[in-house]
Protein chains: 4
Amino acid sequence: MATAKTAPPASRRRESSRLAILDAALALCREEGYTKLSVEAIAARAGASKQTIYRWWPSKGAVLLEALEREVAESVTIPDTGDVVADMRIVVGNLIRRHADPNFGPHVAALIAESQQDPALARDALERFVKGRRAPLAERLRRAQQLGQLPASLDPEAILEVVFGALYHRLLLRSGPLDAAYGSFVVDVVFTGAAARLDPATDGSHLR
Amino acid sequence: MATAKTAPPASRRRESSRLAILDAALALCREEGYTKLSVEAIAARAGASKQTIYRWWPSKGAVLLEALEREVAESVTIPDTGDVVADMRIVVGNLIRRHADPNFGPHVAALIAESQQDPALARDALERFVKGRRAPLAERLRRAQQLGQLPASLDPEAILEVVFGALYHRLLLRSGPLDAAYGSFVVDVVFTGAAARLDPATDGSHLR
Amino acid sequence: MATAKTAPPASRRRESSRLAILDAALALCREEGYTKLSVEAIAARAGASKQTIYRWWPSKGAVLLEALEREVAESVTIPDTGDVVADMRIVVGNLIRRHADPNFGPHVAALIAESQQDPALARDALERFVKGRRAPLAERLRRAQQLGQLPASLDPEAILEVVFGALYHRLLLRSGPLDAAYGSFVVDVVFTGAAARLDPATDGSHLR
Amino acid sequence: MATAKTAPPASRRRESSRLAILDAALALCREEGYTKLSVEAIAARAGASKQTIYRWWPSKGAVLLEALEREVAESVTIPDTGDVVADMRIVVGNLIRRHADPNFGPHVAALIAESQQDPALARDALERFVKGRRAPLAERLRRAQQLGQLPASLDPEAILEVVFGALYHRLLLRSGPLDAAYGSFVVDVVFTGAAARLDPATDGSHLR
DNA sequence: AAGTAACCGAGACGGTACGTCCGGTCTTTGC
DNA sequence: GCAAAGACCGGACGTACCGTCTCGGTTACTT
């Protein structure tokens, strides 16, 4: 009656090489910066051959993406205290703290940068880093909408784009410090309408 | 009569070379994309020598920055109809139209990307492209604050960071179409408090 | 039985590239002259990359040196008729014929020239071209010394320096035609004492 | 009639520039070696412009040639003790001493090297440095021929080529020390027939 | 247990671009 | 009208990585 014990076709890929390469990529990025990161350097540092890298990743950006993913694998739990603004304040605070970390923020910046010239990486980064990790956040907003705490007509993902956009602005353009105060400011503007015009005559009227 | 006899020593720089180089940089960027842009290619296309480029610009990014600057040199006049939200709607609409132009937006994205690995370019781009061109806009917001149309406590530049951040998010991450609808959405969120929570119990209370 | 199982690690160097590069160097030198010879040109002509050249040779001079070596690889047999002067006449005649060849002499001249600014090439050229190829000739002179046909007190290598020096003088300074007559003259002066002073009173006395 | 105060058409060439350039060339050559010698470097050191150099000299080699000429301008007097071999011993000794000087020999070598790729310089160097400076020496040999101290059938210039060739061999190929012993050896070989074969049966017979 | 095929390290290879240097020409400005 | 200053085009330098390609050696699955 035949064998086929268990194992799926199973790639013969060596896990030790994979990890060494991811580690080397991260380490190089931290020590020398993304600029100095090259497939050649990763291979040398990891004791791997370039071929092995090219066999499994399409580009150095993809290696870094996977390395970063491994780093932040611990699932981020979204608080739900019932107060969506308060929750957002916490979440944005955490996000900012993480992106202000010189071991994380600049790498994200580098990936966004690399994405400009590498459509495949762009797609991957968008899917796995942006949409993927943002999903529970969007879900939290949707719950708030159902509770009538947020206008139901607004696309939660779009709102998050405004929030993250503000965050990335400081990350990418260094237009100011990426700190708690800025995070608070952004939450105020987006979730409390802090910047809404005061003129009572027309306030909100365009929204109908 | 007494006129100023002697002009300043005056750089011996040849204007024709400068323009040829800027034109070549833009043309190459449009035809082949920023990736294919190289000092070598610019020099060849401009009929200039690499040395001439390195004499006057520190990097290919700096060349493109100056070329783009020349392109958008025509002063952008900020409307002032008295209604700051309406004005912002117009301004953001124009901004989006410009950045959606495949002959402009991707180049801005490329410069932001390049800035991540080139501090000098980052500084330049921030100063000349971001702060410089945004100044009249901030001024417009300040005027609105004086008229009580906008909370005086908010830093206009920071508000603009949220607006531009949202814009750049779509430009850099391609998380959705960079179109008029999105622009309108962003203005709503930022300037009319469209995403402010509806819950009347706590509305705005945290602001004071 | 026990044969050597494992071959030496063996360089992975590709012979086809090596030959293409040597051929290209020679061809370029012949067609355009040593001045026009550049690593860049060799690489282009050979369909090789510059890196490949720099990997295996320290300079363009070294490439040409090896190319020339390959050209004259056929072992030059030194005649030994018993008459050392007659043999030298033949050898010097051959040498002159070879160096008068526009496909050889000028390249040797170029290498000597290049050696003035490249100590490594100088060492190589001296070892492989001068001492190496001259060794059998020195051996021939040493045999003549043993037979009493040549003063045993004279260093054969030094004698050859006089002979080759005279030859190179015409090659490098173009002070006159590099032809058989000159070769004969040099052999006369060096090996028959043709220029020795006739004055019998003091002849040779200083030698003891 | 008329003006024409005094000066002949007279080049307006500035002597101070000329001297500064020659001095700079020599100094650079001594301090850094001929390799580092460039028109650019000479101009910078001399406080002159490149154009001034190119106006008056065809190449950097020509500058050095003129500079060296100025250095050895003091006429070299050829001794004439009546004993041509003794005189030659003195002359060759002086030549060797001069060429062994690191401030002279290497420059001569460099000029000979440069001549290989610069026909104009080759012509100049041959005429002004070789033939010109060797003329009194040839004259001395001609006198010896008239006195029957040297075979009249031999071209004195050709004899000198053998002598200088031997000298240049050591200078250019560094095949051995360029010292008094070598000079003495060369004089012995050329002017006393020290290397002439000893075999009495055929000695000199081939000369007729 | 042997055969075999994917995987691995190593690193040579053809390329492209880098940023620098120098050659030789041309232009501007001052004496 | 020559000279200093120096910008300019051109071309080669030697280096760094790219992405592809063998080469042997080592697993780990198959038979």
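Naming convention: chains lettered A, B, ... in sequence-line order (proteins, then strands); numbering from 1 in each chain.
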How many Å lie between [atom1] on [X] and [atom2] on [N], as a whole number?
X	N	atom1	atom2	value
C:E15	F:dC23	CD	P	14 Å
A:I21	E:dC7	CD1	P	13 Å
B:E32	E:dT16	CD	C1'	14 Å
B:Q117	F:dA16	CD	P	18 Å
A:I53	E:dA10	CD1	C1'	13 Å
C:R13	E:dG14	CZ	P	11 Å
B:Y54	E:dC21	OH	P	13 Å
B:R45	F:dC9	CZ	P	16 Å

Side-chain-base donor-acceptor pair under 3.5 Å for [X] and [N]:
X	N	result
B:R12	E:dT27	no
B:K50	F:dG10	no
C:Q51	E:dC13	no

Discussion item. Quick check on DNA chain F: between B:R14 and B:E40, whose nearest nucleotide comes earlier from the 5' end?
Written reply: B:R14
Worksheet item: More 5' along DNA chain F: B:G47 or D:S17, using each one's nearest nucleotide?
Response: D:S17
Worksheet item: Any side-chain heavy atom of D:W57 sitting closer than 4.5 Å to one from D:L22?
Response: yes
Under-4.0 Å salt bridge between [X] and [Y]:
X	Y	answer
B:K60	B:D118	no
B:R174	A:E127	no
C:E31	C:R45	yes

Discussion item. Less than 6.0 angstrom from the centroid, inside 45 degrees of the normal: does C:R12 satisfy that with respect to the ring of C:W56?
Written reply: no
Discussion item. So A:A41, base contact, sugar-phosphate only, or nothing? Heavy-atom distance under 4.0 Å.
Written reply: nothing
Worksheet item: How would you label the contact of C:A43 with the nucleic acid (heavy atoms, under 4.0 Å): base, sugar-phosphate, or nothing?
Response: nothing
So, OP1 or OP2 of [N]: does either fall under 4.0 Å of a side-chain N or O from [X]?
X	N	answer
B:T52	F:dC9	yes
A:R55	E:dC8	yes
A:S38	F:dA16	no
B:W56	F:dC8	yes

Fill in: 5′-ward residue of the pair B:S59/C:A48 relative to DNA chain E
C:A48
